[in-house]
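Report on the following structure.
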Protein chains: 2
Amino acid sequence: MVQEPSLFDVELTLPPPSSSQEDAELEAVYAWFLAQKNLTERFGQVFRKSIDEVLDGQRTGRYDLYILEGEGRVEKTEKTYLGTKVEIVARAEFDLGFGDPMDYLIDDINVDAKFTMGTNWAIPKEALGHICLLMQANDREAYFRVGLLRTTMDTLNLGLNGDGKRTVSAAGRSKIRWIIHEGQLPKNLLLALKKESPEKLDAIWRASDDYRGSGNGGQARINELFRQTPEVLVDRTTVVTVAMQHDGLKRARDARDDLRSDGYIIIGHLKPYPQIARDLGLPVPPKGSFVSAKLTAVQDGDGRRSTIINGVKYGLWRVGDQPVEAPLITSASG
Amino acid sequence: MVQEPSLFDVELTLPPPSSSQEDAELEAVYAWFLAQKNLTERFGQVFRKSIDEVLDGQRTGRYDLYILEGEGRVEKTEKTYLGTKVEIVARAEFDLGFGDPMDYLIDDINVDAKFTMGTNWAIPKEALGHICLLMQANDREAYFRVGLLRTTMDTLNLGLNGDGKRTVSAAGRSKIRWIIHEGQLPKNLLLALKKESPEKLDAIWRASDDYRGSGNGGQARINELFRQTPEVLVDRTTVVTVAMQHDGLKRARDARDDLRSDGYIIIGHLKPYPQIARDLGLPVPPKGSFVSAKLTAVQDGDGRRSTIINGVKYGLWRVGDQPVEAPLITSASG
């Protein structure tokens, strides 16, 4: 249907419902999302997975979406695609139907998916008057937001950007019905290290400077990763990004032999590792994740948490403790 | 450095070497690629993986890059991104360095990566005068090509496309130094079925029409996949695309129970399956792939290939054969 421009303009400038409470469709979509189990955790994973797949750390070694130049840069086409990936991953996660003309059909209502890794959303003309699922994720600050807005002209800025799209205005922002206002994005360990301890990150990447070929170099970096980040959960994405090879997880398991003489154990998901983690008060890694721990032998009467391995009592090594060789731990694998 | 337009034009229209044999840099890059082991197979995998990752069949059920409309469509941003993905996967596969200003540094020579899923390549102004690694993959026709061309103005069409890029001219095409002129793209089983036996593909997707929720529906589609495609290798991508769920491979293993009464075995990679496949003259599946086979009991003297399972001799069922319940086969798993 072709509308006269004047009619179109009139329609777009009709006053919206005076509060979002009166937008029955928007409220229905809002209620639909709030009825989903583990909503915040699942949206967090939607963004984490989407970002990690675009970074493709296993092939590229990248962990930082925000690099514009040099070998670690993320191209504009990749950032554009990230929005499409988020749309796909959210659709699959929540089993959302296809709308017409918008992306999703939620409770029989057309909803458009709009993602930004920046601070505002670009709304195309076709979405005007429709409900938008506004999604935002910031990997550097480790948060995400999800909200709903019916994008009428009084919720958008007037000016068009280069793509002929409008951004959400301050007034529009105040009308966003937040589904998740401040979600915690699952941690990007390497990006957090870059911010908090860049010298550790440098040490990890420099560990392979003397190696040619990815096999040995990847092992050297993985070993250094576990030396530099003891007692924290090292997730699968971090492992494959640092290893930059097909079998990154094997490199993590092989680090056990390499680091034993330095006193480190690499806690995995198989027995007896979970019990060791619990004994020492460390995170218990799920499959594909690891926690490294530098051990020392502790005497009876030592107040710290301890675990018994091969008949010897070990605790977490602290400055001043006697260095020991870590015990050889037998598990099925992993 | 800013050049006068006239100087720039002169430079671009300088005569190129009269034949590619005289372009020492291009020949060096050509020789570098030809020295790589398993070159054709590895490039085939580069394109297969790149296409499969963009299709993201596990989440979307998509297997056809060429669909423009409807729920199975592939967006323009995804097709643009496919070129970036190919660049990334090829870089990782061949451990290519970063060039400046071009994408790759191969044997110390700047080389730009250019991929097309169509029939020509779009060369940006920045690549003029440089060597381009021209890559083409056609999933429908199951072929790919890889070649080298120094993109000077006499190898490009004069007109600019919408992005201000030029395509390779007929004269330029004849100058392409082919590294792989007609490679066979690893099979996209579902796309091949769509072309050769669309009714089988319909039956697979329709198998879940009566189901709600992805669990049972995915199992119903996987069961139908194995009924419809006996005696051929069903690869992991096909399985997860048809299952459209996280644990598609488990659906394939569970199909064994569901199809046993219909006489089907689902051959996996663990013992005793490889021997059964060899006995019956079927492909031996690698890990993550499967081959279904409908069996019948064969008598001594029956000329066909046979295998003995649980003391009974079985061969491949053919029209007219007695239907049997398939034997229960015990393997570790998978």
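Computed from a predicted model, the values in this text were never measured in an experiment. Residue numbers start from 1 in every chain, and the chains themselves are labelled A, B, ... in the order their sequence lines are given, proteins ahead of strands.
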**Prompt:** Looking at NZ of B/K85 and CD of A/E78, how far apart are the two atoms once the value is rounded to the nearest 0.5 Å?
**Reply:** 7.5 Å
**Complete:** When the 4.5 angstrom heavy-atom criterion is applied to A/E53 and chain B, the contacting part is both
**Item:** Whether over 12 other heavy atoms sit under 6.0 Å from B/D108 CG
**Value:** no
**Asked** To the nearest 0.5 Å, what is the distance between CZ (B/R91) and CG (A/D56)?
**Response** 12.0 Å
**Prompt:** In terms of heavy-atom pairs under 4.5 Å, which option from A/T60, A/T80, A/I88, A/D100 contacts chain B the most?
**Reply:** A/I88
**Request:** For atom CG of A/D202, decide whether the heavy atoms of other residues, nucleotides or ligands shown that lie under 6.0 angstrom number more than 12.
**Result:** yes
